[in-house]
Every structure is written in C-alpha cells, then in structure tokens.
There are 2 protein chains.
Amino acid sequence: MELRRADIIADALEELVFTGGFHDGDRLDELRLARQFDVSRTPIREALQRLVASGIAEQIPRRGVFVRQPGPVELMEMFETMAEIEGVCGRLAALRISEAALEELDRANASCCAAVEGGDADAYYRENERFHHVIYHQAGNGFLEHEALRLHRRLKPFRRLQLRLRGRMSQSMAEHKAIVEALRAGDPDRAAEALRGHVAIQGEKFHLLMSSLRSAAE
Amino acid sequence: MELRRADIIADALEELVFTGGFHDGDRLDELRLARQFDVSRTPIREALQRLVASGIAEQIPRRGVFVRQPGPVELMEMFETMAEIEGVCGRLAALRISEAALEELDRANASCCAAVEGGDADAYYRENERFHHVIYHQAGNGFLEHEALRLHRRLKPFRRLQLRLRGRMSQSMAEHKAIVEALRAGDPDRAAEALRGHVAIQGEKFHLLMSSLRSAAE
DNA sequence: AATTTCTATCTTGCGCACAAATCAAGCTAA
DNA sequence: TTAGCTTGATTTGTGCGCAAGATAGAAATT
C-alpha cells in the first residue's frame, strides 16, 4: 500500500521523534539521514516536509529542518484544545449517538474498570482510547472526527504522562460513567461539560498561571 | 522570508484551486505545472506535497495528486466544526479577553457597519475577518488560535459566497453586537452560544445557496 | 584583546536523468 | 464481439550533481 519510501521514512522519523530519538532543536540532517536509511536525499526531503506539515518539525529556509517539541505552555494549550474538542464531540454525540454505541461505551468502561483493578495500565490505556474514539465517531461529523483523531494522536506520547499527573484512575472511571449517563440522557450541555472537565480541570489552572505570568511580563 | 520556490508555487496553486482554476478530481500534472511555472519538477513536487498535507489535494501513489474539493456533506461538516470551534474560542475569550480587545471589536464592528451602509462588500469582509481573528486570539490559546485560523482560511472561498445573500450582512451585524455584549459581560456560555449560532447560520445559508444554485441549474 | 572581514567548507534548493510502474491502444483468441 | 494479453508511451519515484547561500574558523585591523 505504501510504495513510496518517503512515507515509510516519514513514519520512522515520526516514531523516532515521539520515542525520544531526537530532542527539541535537533537538526535533521539530510545527508546523515540519507546514509542512515540508505536512500538518496530526495525521499528524505519529502519525508521531512511531511514532518514539517504535521507540526513535528520546523523548517527554516536555507538552514534546514529542526525538531520542534512542544514546550510546557504549548503542551497545556494542546491539552486544553483537546478537552474543548472532546466537549464539542460530546455535545454533538449526545444528540446523535446510537444505542449500539452507548452499549459499546459501557463495554469499554467495564474493561477499563477491570484493567484498573487488575493494575493493567496498558489495557486501561487501550480501552480508554476506544472509549474516546467511539465518542468522536458518534459526534456524526466526519471532519470533526478526523480533527479530533489527529490531535489525539499528536498528544499520544504525552497522555501517559498526563494520566500520571492526575493520578487517580478510579476518579477518571467515575467521570467516564457520568459522561455515558449524560450521553444516554441525550443532554448536550451536561455531556460537553463532563467531557471537558474530564481532561481539562488542572489544565485550566495551569493555563491561568501561565497566562498571568505572561501578561505580567508584558 | 520565502526563498523557496516550492512555497510560492504552493501558494499560487492553493489560490488557483480556491478561485476555481481547478475542479474536483483534476490531476495536477507535474510536467505541465513545471513548464507553466518555468521550474523543474522538484519544486512542483514539494508544492504538491504541501497541498496534500493541507487537505486540498489527495495523493495516490504512482498515480499522481488530484484536486479534492469538499462535497456538500463535507462542507456542511466543516461549517459545523468551524461553528463549534468559534464557540469554544468565544467561551474561553469571555474569561480572558482584555479591555483593549473589546474596544478593538467595537471598532471592527463600527467599520463593518460603515461598510454595510456604504455597500462596500470588500471592506465588510475584511473587517468581519478582523473581528473573528481578534476573538480567536483572545481565547488565550495559541494552539487553538492556530487551528481556528487554519479552518477559517480553508472555508474562506465558501464563506465569501454566502455574503451575497440579501440581508445577510445586516443580520450578521446584529449578531456581532450580541457577541461583544456577551464577551463584555464575561459570560462564557452566552458568548459560546452566540458565536456558534452566528457561524452555524453561515453554514445553513450556504446550504440554502447551494441548493438554490443547483435547482436553478436544472 | 576584541571585533570585523575573509575564506574554506558544508548544506540546502533545484535541475536533470533513469528506472519502475501505470495507462492506453492494438492485437489475438475464444 | 469481447475478454485478455502485449507493447509503446506517459508519468511518477528516486539518485545524483551543481550552484547559491549559510556557517565557522582563520586572518587582519583597530
């Protein structure tokens, strides 16, 4: 399916950046990568352009492309945006969700519960992801779903960290239950609020701190 | 700043697609474009990759890249998403907007009013854009602002069409006033609701315009 | 000693050529 | 006649080389 080396290389590079193979500000040297992947510079250049387009790297004309990891501020902004988009998905999903999807949410939640009790972090993570993806889909808006998935994917490497920050898995489970309840009741505002709060409460505090620091500096 | 021909060509091609120079499904022939822009295929290929990354075109390996205009369904989905994102921006902006920004919104609105009375559609369009951009910025979230601008820009060629509808401009003005009021009051829910409605109406008007055009063609 | 200028080297941007894959006819066979 | 095969012509993907621009280090001037 993927016949172009450029795409394979782009995926490999993306993975490398996410798993810490490169650090913020590192220059992605075309020649070095070309030798490393045993291809010419051409497919490397195309792969780099893909990284730039997805925001993982930054290009400075005539200077090269550099890895661009989000700093604390941008990370909080991204999480806040994710929370808001999830809220939107919840709002729309409350009006459009199917009975089958509600049951799948229940199943995902049950699996989550089991994972929490069994201490299986990987399973928890996987089922949690399924839960959210179902909601994106049930918003009934393919474009919005695509955007939500894109941001979700972009935040993937940081989500585990975020889960550790908020710590209490069981509270997260209770929030999941409240979300499903609101969706089942078909209450858009409550669903949006529940989903937003599910991710964003401490992000909000962090952001207020950050923006107050920034405005104080001006 | 833009020393690379690929970027200039990408902008030109984007503009061409937006202004109707290409139609849905058209193949973007590398050789033809290379001759047309009087460059080699290399910068053309890089420009095409940018179009693909921004969703304006689609690439099929070994076959080429094709213009991909959104159909009626996707267009409605994009307008709905834009409405929701603007709602989010409004909600956050209600909590964070500065006094200076509120005054700028008033100024933009006044310019809009003048443009409506003077029948200057271009000026109206420009000031309307400024109005919305200020709100994106006042959401106080750079990442969200960037995403909002991206979608706003993508919808630009379609938003322009619906302005031609009779009476739309003055109705839009009243909505702007209500939005500023909610922002000034610092009421997040009211601001979100006002902005969501304001943009959602654009989508509906657009839908109306589309179907009227289609029925007129038959 | 510090700053500026100059030069040598490296890197990117672009043009060009070749190979593999795809498409379009024409041809053969059932 | 139509389905399938073959062959020639495009077209994309990739390798490679050159020139303009950028970087770093040496040399020179104050």
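From a predicted model like this one, the values you see are computed outputs, not experimental measurements. Naming: A, B, ... by sequence-line order, numbering from 1 per chain.
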Next on the checklist: Under the rule for side chain to side chain contact (heavy atoms under 4.5 Å, CB included), what residues qualify as partners of Leu149(B), not counting sequence neighbours?
Outcome noted: His133(B), Tyr136(B), Glu145(B)
Side-chain polar contacts of residues 99-106 of chain B - donor-acceptor pairs under 3.5 angstrom, sequence neighbours left out - could you list them?
| unit_1 | atom_1 | unit_2 | atom_2 | d |
| --- | --- | --- | --- | --- |
| Glu104(B) | OE2 | Arg130(B) | NH1 | 3.1 |
| Asp106(B) | OD2 | Arg184(B) | NH1 | 3.3 |
| Asp106(B) | OD2 | Arg184(B) | NH2 | 2.9 |

Item to check | Stepwise side-chain contact (heavy atoms from CB on, under 4.5 Å) check, Arg91(A) with Arg196(B) | outcome: CA-CA 12 Å; Arg91(A) 216 175 64 77; Arg196(B) 210 158 50 212; 3.2 Å; yes
Item to check | Pairs where residues 65-106 of chain B contributes a residue and the test ring-ring contact (aromatic ring centres under 6.0 Å, His included) is met, not counting sequence neighbours | outcome: Phe79(B)-Phe206(B)
Next on the checklist: Which nucleotide wins on minimum distance to the side chain of Asp29(A), given the candidates dC14(C), dT14(D), dT12(C)?
Outcome noted: dT12(C)
Item to check | Non-neighbouring partners of Asp120(B) that pass salt bridge (charged side-chain N to carboxylate O under 4.0 Å, His left out), sequence neighbours left out | outcome: none
Checklist entry - What nucleotide, of dT14(D), dT11(D), dG15(C), holds the atom closest to the side chain of Pro43(B)? => result dG15(C)
Checklist entry - How would you list all residue pairs meeting ring-ring contact (aromatic ring centres under 6.0 Å, His included) that involve residues 39-61 of chain A, not counting sequence neighbours? => result none
Could you list the protein-to-nucleotides 23-25 of chain C atom pairs, N/O on both sides, closer than 3.5 Å?
| unit_1 | atom_1 | unit_2 | atom_2 | d |
| --- | --- | --- | --- | --- |
| dC23(C) | OP1 | Arg63(B) | NE | 2.6 |
| dC23(C) | OP1 | Arg63(B) | NH1 | 3.2 |
| dC23(C) | OP1 | Arg63(B) | NH2 | 3.4 |

Next on the checklist: Can you pull out every ring-ring contact (aromatic ring centres under 6.0 Å, His included) where at least one residue sits in residues 28-51 of chain B? Sequence neighbours excluded, please.
Outcome noted: none
Item to check | Which residues share a salt bridge (charged side-chain N to carboxylate O under 4.0 Å, His left out) with Arg63(A), sequence neighbours left out | outcome: none
Item to check | Contact residues, residues 33-41 of chain A to DNA chain C [heavy atom, < 4.0 Å] | outcome: Arg41(A)
